[in-house]
Protein chains: 2
Amino acid sequence: MMQASATAEQDAPSARQQAVLDAVLGLMVEDGEQVTMDAVARRASCSKETLYKWFGDRDGLLTATVRWQASRVHAGHDAAQVLDGATLRERLQDFAVTWLEVITGPTSVALNRIAIAHAGSRKSNLGGIVLANGRFAIGERVKPVLEAGRAAGLLAFADSEAAFRTFFGLVGRDIQIRLLLGETLDLDGAGIRRDAGRAVEQFLAIYGRAKPDPNHQL
Amino acid sequence: MMQASATAEQDAPSARQQAVLDAVLGLMVEDGEQVTMDAVARRASCSKETLYKWFGDRDGLLTATVRWQASRVHAGHDAAQVLDGATLRERLQDFAVTWLEVITGPTSVALNRIAIAHAGSRKSNLGGIVLANGRFAIGERVKPVLEAGRAAGLLAFADSEAAFRTFFGLVGRDIQIRLLLGETLDLDGAGIRRDAGRAVEQFLAIYGRAKPDPNHQL
DNA sequence: CGAATGCCGTACCGTACCGTACGGTACGCG
DNA sequence: CGCGTACCGTACGGTACGGTACGGCATTCG
């Protein structure tokens, strides 16, 4: 009579529940529109009754799935201290590569499609969860690096949020919207690294200070 | 026994049909998920039978709606020839403002949501239509300007497509994805103009050839 | 061993919605 | 006038899907 629903509570889902959520992700990737309760139950070899006991309703199941996927995207926070130019480039490049790998992945595309379709109606915003764990999470990880770069005199900007948004735009460009709208553009690892490098260089062309220059104004 | 379906044919829809399509757009903006054939018929004061005669099926109706909206977004093509720095800035600024106004508009958000949700399944890609009339249409209009700027010695780039994609990223940044995911970020005209100006200056910082016009600082 | 629990499989219900059919009305034309 | 055409309003069938109920099995625990 226990087994709190994994939706309301923030408990990590059990192993069996994780298997169910992975089944949902699999269905989403195959065809976002056929994520029906019957299909999930069949795919996960569980009964619909169990689905409803664990997740409340279909919305709870989708929410739990989004959370579950988000929980394993998070890479480790690593604090960087003093930066030289090469290290800054490297860190930004890493972020750009990671981000591009995420948004071009089929799971991300499927999940964003679901969340966007859901955002049209009011109920329980998957969009907020996706944003919090995607766009905003990466922002909170990049901004300290940018600020460290500024502290080291390598970058010049007033607002780290604005600077990050520019970085975000330079990295992603039109890739995400094109993928979401169904275009199949294949980026291999080399292409992603090339794209990331270009974005970093362009970012430095805008915000870079030529030399470590300890007179930071604004 | 005529009245070719407005879907298969490329005929412009009749006035009455346009009213129907506007009703669909209205429903999409209000709540993307309640665009049902009954609701459209009620809203447009027409019978479902007529809807099916005109548009074939629900997919045809949605496709016709996307085309209809696309048909009136197109601004006039205007060929510019020789550019000086101020004119180039102005043209780019205009494009940026227009684009931001489009993607922040509720109709665009609703339409993109529908198209993205639809892109998950195979049938009749609204995504392709939206891309062709949004992202790609603006690209084809911007690239000649960029090339004219290059011809005038104001810009330096090898690939106009790549340069445009950078411009696209600098203008849009994270705005579209955040709106699609349900965030309500309100940009008034002044905010859009400010954003557009920033994007143009950043673009020139990357691709600009040192040409006088010292009224910018960032 | 017997009861309780947790879960699977499946049948079932209500509803929403796509697509069609049918009756009724206004209008143009021979 | 009578007929055809185009359309509105509505009712209806079929179906897919969300959510519930029930029988059966395996495991755990008293």
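Numbered from 1 within each chain, the chains take letters A, B, ... in sequence-line order. Given the structure is predicted, the values throughout are model-derived calculations rather than measurements.
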Quick one: side chains of residues 127-136 of chain A, donor-acceptor pairs under 3.5 Å with protein atoms, not counting sequence neighbours, listed by atom name and distance.
| residue | atom | partner | partner atom | Å |
| --- | --- | --- | --- | --- |
| A:Asn133 | OD1 | A:His74 | NE2 | 3.2 |
| A:Asn133 | ND2 | A:Ile129 | O | 2.7 |
| A:Arg135 | NE | B:Asp174 | OD2 | 2.5 |
| A:Arg135 | NH2 | A:Glu161 | OE2 | 2.9 |
| A:Arg135 | NH2 | B:Asp174 | OD2 | 2.8 |

A:Thr166 versus B:Gln202, side-chain donor and acceptor atoms under 3.5 Å: yes

Under the rule for side chain to side chain donor-acceptor pair (under 3.5 Å), what residues qualify as partners of B:Thr104, not counting sequence neighbours? none

Rounded interatomic separation in angstrom, taking CG from B:Leu61 and P from C:dG19: 10 Å

Test of understanding: with side chain to side chain donor-acceptor pair (under 3.5 Å), list the residues that count as partners of B:Thr65, not counting sequence neighbours. none

So which pairs with a foot in residues 13-27 of chain B pass salt bridge (Lys or Arg N to Asp or Glu O under 4.0 Å), sequence neighbours left out? B:Asp22-B:Arg72

Residues in salt bridge (Lys or Arg N to Asp or Glu O under 4.0 Å) with A:Asp38, at least two apart? A:Lys48

Any B:Met37 side-chain heavy atom under 4.5 Å of B:Leu61 side chain: yes

Could you tell me which residues satisfy ring-ring contact (aromatic ring centres under 6.0 Å, His included) with A:Phe167, sequence neighbours excluded, listed by chain and number? A:Phe203

Between CD of B:Gln17 and P of D:dA6 the distance, given in whole Å, is 13 Å

Proximity to DNA chain C (any heavy atom under 4.0 Å), residues of residues 111-119 of chain A only: none

Does anything in residues 184-195 of chain A pair up under side-chain hydrogen bond (donor to acceptor under 3.5 Å, both in side chains), and if so which pairs, sequence neighbours excluded? A:Arg173-A:Asp195

Check the distance between D:dC7's C1' and B:Arg16's CZ and give it to me in whole angstrom. 9 Å

Mind calculating the distance between NZ (A:Lys53) and P (D:dA21) to the nearest angstrom? 13 Å

From C:dC7, C:dG9, C:dG19, nucleotide with atom closest to A:Ser45 side chain: C:dG9

Sequence neighbours excluded, which residues qualify as salt bridge (Lys or Arg N to Asp or Glu O under 4.0 Å) partners of A:Glu33? none

Please identify each residue that fulfils side chain to side chain donor-acceptor pair (under 3.5 Å) with A:Glu147, with sequence neighbours left out. A:Ser160

Rounded to whole Å, how long is the line connecting atom CH2 of A:Trp54 with atom C1' of C:dT5? 14 Å

Dump the pairs, protein N or O against N or O of nucleotides 21-28 of chain C, anything under 3.5 Å, distances to one decimal.
| residue | atom | partner | partner atom | Å |
| --- | --- | --- | --- | --- |
| C:dC22 | N4 | B:Glu49 | OE1 | 2.4 |

In whole angstrom, what separates B:Leu51's CG from D:dC8's P? 8 Å

Mind running a 4.0 Å heavy-atom check of residues 31-44 of chain B against DNA chain D and sending the residues that fall below it, in number order? none

